[in-house]
Undergrad: 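Right, I'll just put the structure down here and ask away after.
Quick caveat: nothing in here was measured; it's all calculated off a predicted structure.
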Amino acid sequence: MGDQGRGPGPRPEDEDRPAEAETAPPRSAPLPYEGVWRFTAPAADVSVPQARHAVRDLLLRQGVPVADEVVQGLLLIVSELVTNAVRHAALLSPTLAVEVAVGAEWVRVSVEDNHPYRPTALEADHGRTGGRGLLLVREITRESNGMCDVEHTASGGKVIWAALPLKPAQA
């Protein structure tokens, strides 16, 4: 994996900051673990565990100070997003891209494919055995005080992303 530049979509630093954040002096250089990494994979079942392991290994290798419970939620999000791309986009998108962006206080993962369909989180239907992946992503993100969204790409596909704070949400 190499630093390939930032993908589409808003980042946590784009959000409105509280007034006290505006008075803090700007940092002169990024922290050693900050950066953006992007890799592609075939839209195949084998890519689900490979993407999960690649993200976990990247966080470890870069020394990202992320809490264990955040890592577990993040890896589940990666699994769900890659699984959805494999199941629902492979016909029009034989490859998918996974991006990991790490900032001083957050980590963002995204999965991009070339299928134009923009999924929505389905309502919980206890009689169904599937179709809850985006609900799970939304719930993990909400419980972590993070953000998630689905956006169209310039090429007509979509990118689904979730950003979580490095430290767990205070209960």
Undergrad: Calculate, to the nearest 0.5 Å, the distance between atoms OG and CD belonging to S144 and E69 respectively.
TA: 7.5 Å

Undergrad: I77 versus L164: any side-chain heavy-atom pair under 4.5 Å?
TA: yes

Undergrad: Kindly compute the distance separating OH (Y117) from NE2 (H152), expressed to the nearest 0.5 Å.
TA: 11.0 Å

Undergrad: If I compare all heavy atoms of V86 with all of A44, which pair ends up nearest, and what's the gap?
TA: CG2-O, 3.4 Å

Undergrad: What pair of heavy atoms forms the shortest contact from T141 to A162, and how long is it?
TA: OG1-CB, 3.9 Å

Undergrad: Is there a donor-acceptor contact under 3.5 Å from the side chain of T83 to the main chain of S79?
TA: yes

Undergrad: For Q62 and W37, which I'm curious about, is there any donor-acceptor pair between the side chains at under 3.5 Å?
TA: no

Undergrad: Could you check whether any side-chain N or O of E143 sits under 3.5 Å from a backbone N or O of I140, counting only pairs where one atom can act as donor and the other as acceptor?
TA: no

Undergrad: Could you report the tightest heavy-atom contact between V70 and L166, atom names first, then the distance?
TA: CG2-O, 3.7 Å

Undergrad: Output, in order, the C-alpha distance, side-chain angles, deciding distance and verdict of side chain to side chain donor-acceptor pair (under 3.5 Å) for E112 and W161.
TA: CA-CA 9 Å; E112 181 178 341; W161 61 269; over 6 Å; no

Undergrad: Is it the case that the side chain of K158 and the backbone of V111 share a donor-acceptor pair, with hydrogens and angles ignored and the cut-off at 3.5 Å?
TA: no

Undergrad: Report yes or no: does Y33 contribute a side-chain atom to a donor-acceptor pair with the main-chain N or O of L60 at less than 3.5 Å?
TA: no

Undergrad: Above 12 or not: heavy atoms from other molecules or residues under 6.0 Å from CG of D45?
TA: no

Undergrad: Might you point out which heavy atoms bring L96 and P42 nearest each other, and give the distance in Å?
TA: CD2-O, 4.1 Å

Undergrad: Indicate the atoms forming the closest heavy-atom contact of N114 with L92, along with that distance.
TA: CB-O, 4.0 Å

Undergrad: Compare every heavy atom of A51 with every heavy atom of V82, then report the nearest pair and how far apart it is.
TA: CG2-CB, 3.8 Å

Undergrad: With salt bridge (Lys or Arg N to Asp or Glu O under 4.0 Å) as the criterion, how do R108 and E99 come out once you've worked through the C-alpha distance, each side chain's angles and the decisive distance to 0.1 Å?
TA: CA-CA 8 Å; R108 177 185 188 261; E99 184 176 276; 3.5 Å; yes

